[in-house]
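First comes the structure, then the notes that go with it.
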Amino acid sequence: MRKNIRNNAMSVFYQIRETTGMNQSELADLLDTNVTTLSRWENGKSNPNLSFKQIKTLDILLKGMGLSLSDLPDDPFGRIRKLDLLKCK
């Protein structure tokens with residue numbers, strides 16, 4: 001069985017869900033994917049390969065959170081640092 005080397009890191013998608021209060025099904029629907037795919041992105045079993053439509057949807061969601069695509073880390077398991085600043089306000 002393949003060991004997930006990112007067990008202790010939170011994926012960008014999980015951080016977005018945690019902040020917005022969405023469950024996996026809701027975010028998967030918004031991104032026009034299924035829960036299994038989103039779960040695999042969140043647990044590091046597969047890397048996200050987003051379509052242009054999914055990127056646009058993600059951009060709209062982030063703008064609603066006071067963020068932009070440029071606020072996302074390069075690594076899908078990096079911390080969205082601006083979220084920490086927004087939580088402090």
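These figures come from a predicted structure and were not determined experimentally. We count residues from 1, following the sequence as given.
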Below 4.5 Å, heavy atoms only, C-beta onward: do E42 and M10 meet side chain to side chain? no
When you compare the side chain of L30 with that of L58, does any pair of heavy atoms fall below 4.5 Å? no
Could you go step by step and tell me if L72 and L62 meet the side-chain contact (heavy atoms from CB on, under 4.5 Å) rule? CA-CA 9 Å; L72 296 180; L62 290 169; 3.9 Å; yes
Could you measure the distance from the [atom1] atom of [X] to the [atom2] atom of [Y]? Nearest 0.5 Å is fine.
| X | Y | atom1 | atom2 | answer |
| --- | --- | --- | --- | --- |
| K45 | S39 | NZ | OG | 7.0 Å |
| R40 | S11 | CZ | OG | 13.5 Å |
| L27 | M22 | CG | CE | 5.0 Å |
| T33 | L50 | OG1 | CG | 9.0 Å |

For D71, which residues count as a side chain to side chain contact (heavy atoms under 4.5 Å, CB included) partner, sequence neighbours excluded? L67, S68, K82
Can a donor-acceptor pair be found, under 3.5 Å and without considering hydrogens, that links the side chain of Q24 to the backbone of N34? no
Side chain D59, main chain I55, donor-acceptor under 3.5 Å: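 It does not hold such a pair.
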Work out which heavy atom in Q54 is nearest to a heavy atom in L31; give both atom names and the distance. NE2-O, 2.8 Å
Shortest non-hydrogen contact from V35 to A28?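 Looks like N-CB, 3.9 Å.
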Salt bridge (Lys or Arg N to Asp or Glu O under 4.0 Å): pairs with one or both residues in residues 23-39, sequence neighbours excluded: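 Listed once each, the pairs are D32-K53.
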When you look at V12 and R79, which way does the side-chain contact (heavy atoms from CB on, under 4.5 Å) test go after all the steps? CA-CA 7 Å; V12 166; R79 185 84 186 134; over 6 Å; no
Can you list everything that forms a ring-ring contact (aromatic ring centres under 6.0 Å, His included) with F13? Sequence neighbours excluded, please.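 Result, ring-ring contact (aromatic ring centres under 6.0 Å, His included) vs F13: W41.
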